[in-house]
Amino acid sequence: MRVVAGEFGGRKLKTLTGSNTRPTTDKVKGAIFNMIGPYFDGGNALDLFSGSGSLGIEAVSRGMDQAVLVEKNYRAMEIIRENVAMTKKEAAFLLMKMPANQAIQKLTDNGLQFDLVLLDPPYAKQEIVKQIEMLLHNDLLTSRATVVCETDKEVILPEKIGTLKERKRQDYGITAITIYDWED
């Protein structure tokens with residue numbers, strides 16, 4: 001696995017061995033960022049189920065100012081730290097070792113807002129709709145925010161979640177990518 005494009009493009013990323021995480025393939029990651037970017041002019045990203053940190057690192061590589069990387073697994077967080085260190089831009093990343101819902105509450109308390117949210121939870125433990133509703137309720141999204149959800153292709157998310165509307169859904173093998181934007 002590697003950073004696909006941008007400032008850190010081509011650099012290799014470490015992943016956690018075993019079944020605790022399911023890294024997004026380079027092909028799917030490239031497709032995601034081509035659909036939503038492919039490059040950014042600043043902003044904050046939130047990678048709520050970081051695994052290896054790959055999606056958040058890709059967002060910063062492509063122009064986001066900062067990425068918050070949330071992961072509850074200790075071993076995965078160690079891999080994220082190593083991958084962030086590889087960028088030599090540690091200040092562009094905020095690492096939070098805690099469950100996603102707890103991180104949403106903590107982020108609410110510090111007043112950050114996000115232009116890009118990446119949700120790639122373990123397929124068997126998805127609460128995507130609830131978590132997007134929490135992000136909206138707690139005013140964690142800017143008015144130009146994009147939310148990217150990676151799910152099993154059998155999962156069909158609603159066309160609308162609060163003030164967000166589905167822009168696109170695309171299947172890649174067993175994976176589906178659903179992208180939401182603010183409804184005009």
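No experiment lies behind these values; they were computed from the predicted model shown.
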Between [atom1] of [X] and [atom2] of [Y], what distance do you get to the nearest 0.5 Å?
X: L141; Y: I132; atom1: CG; atom2: CD1; answer: 8.5 Å
X: L135; Y: Q113; atom1: CG; atom2: CD; answer: 11.0 Å
X: I104; Y: L46; atom1: CD1; atom2: CG; answer: 7.5 Å
X: L116; Y: R144; atom1: CG; atom2: CZ; answer: 10.5 Å
X: M96; Y: D47; atom1: CE; atom2: CG; answer: 12.5 Å
X: Q105; Y: N110; atom1: CD; atom2: CG; answer: 11.0 Å

Exercise for the section: Fit a plane to each ring of F33 and F40, take the angle between them on a 0 to 90° scale, and name the class: parallel (under 30°), tilted (30 to 60°) or perpendicular (over 60°). Expected result: perpendicular

Problem - Charged tip of R62 within 45° of Y39 ring normal and under 6.0 Å - result: yes

Non-hydrogen side-chain atoms of [X] and [Y] separated by less than 4.5 Å:
X: L16; Y: S52; answer: no
X: I128; Y: P121; answer: yes
X: M64; Y: Q66; answer: no
X: M1; Y: T25; answer: no
X: W182; Y: L164; answer: yes
X: T175; Y: T151; answer: no
X: I177; Y: M35; answer: yes
X: K153; Y: R169; answer: yes

Completion exercise
Of T142, T146, N44, the one forming a side-chain hydrogen bond (donor to acceptor under 3.5 Å, both in side chains) with D115 is T142

Exercise for the section: Could you tell me whether K160 and E183 have a side-chain N and a carboxylate O separated by less than 4.0 Å? Expected result: yes

Problem - D181 with R167: basic N within carboxylate O range, under 4.0 Å - result: yes

Under a 3.5 Å threshold, yes or no: a donor from one side chain and an acceptor from the other, between [X] and [Y]?
X: K29; Y: S54; answer: yes
X: E150; Y: T24; answer: yes
X: Q126; Y: D152; answer: no

Exercise for the section: Please report the C-alpha distance between M98 and K106 in whole Å, then the side-chain angles of each, then the deciding distance to 0.1 Å, and finally whether the side-chain contact (heavy atoms from CB on, under 4.5 Å) criterion is met. Expected result: CA-CA 10 Å; M98 62 186 63; K106 190 164 185 123; 3.7 Å; yes

Taking every non-hydrogen atom, the tightest pair across [X] and [Y]:
X: S61; Y: A5; result: OG-O, 2.7 Å
X: E90; Y: K88; result: OE1-C, 3.5 Å
X: G42; Y: D65; result: CA-OD2, 3.4 Å
X: L118; Y: G56; result: CD1-N, 4.1 Å
X: V70; Y: A100; result: CG1-CA, 4.3 Å
X: L48; Y: A103; result: CD1-CB, 4.5 Å

Exercise for the section: Show your reasoning for whether side-chain contact (heavy atoms from CB on, under 4.5 Å) applies to V68 and F114. Expected result: CA-CA 9 Å; V68 175; F114 297 96; 3.7 Å; yes

Is [X] linked to [Y] within one hydrophobic cluster, defined over Ile, Leu, Val, Met, Phe, Trp and Tyr using a side-chain heavy-atom separation of less than 4.5 Å?
X: V3; Y: F93; value: yes
X: I179; Y: L157; value: no
X: L119; Y: L140; value: yes
X: L94; Y: M77; value: no
X: V155; Y: Y180; value: yes

Exercise for the section: For the pair V84 and L69, evaluate side-chain contact (heavy atoms from CB on, under 4.5 Å) and give the outcome as yes or no after the intermediate values. Expected result: CA-CA 10 Å; V84 165; L69 308 177; 3.8 Å; yes

Handout entry: Heavy atoms from other residues, nucleotides or ligands near CD of E159 exceed 12 (cutoff 6.0 Å)
Key = no

Exercise for the section: Tell me, yes or no, whether the heavy-atom count around K97 atom NZ, taken from other residues, nucleotides or ligands under 6.0 Å, exceeds 12. Expected result: yes

Exercise for the section: Report the C-alpha separation of E78 and R81 in whole Å, then their side-chain angles, then the decisive distance to 0.1 Å, and conclude whether the salt bridge (Lys or Arg N to Asp or Glu O under 4.0 Å) test is met. Expected result: CA-CA 5 Å; E78 291 304 308; R81 287 185 209 291; 3.5 Å; yes

Exercise for the section: Quick one: do R2 and F8 satisfy side-chain contact (heavy atoms from CB on, under 4.5 Å)? Show the steps, please. Expected result: CA-CA 9 Å; R2 63 187 174 84; F8 316 131; over 6 Å; no

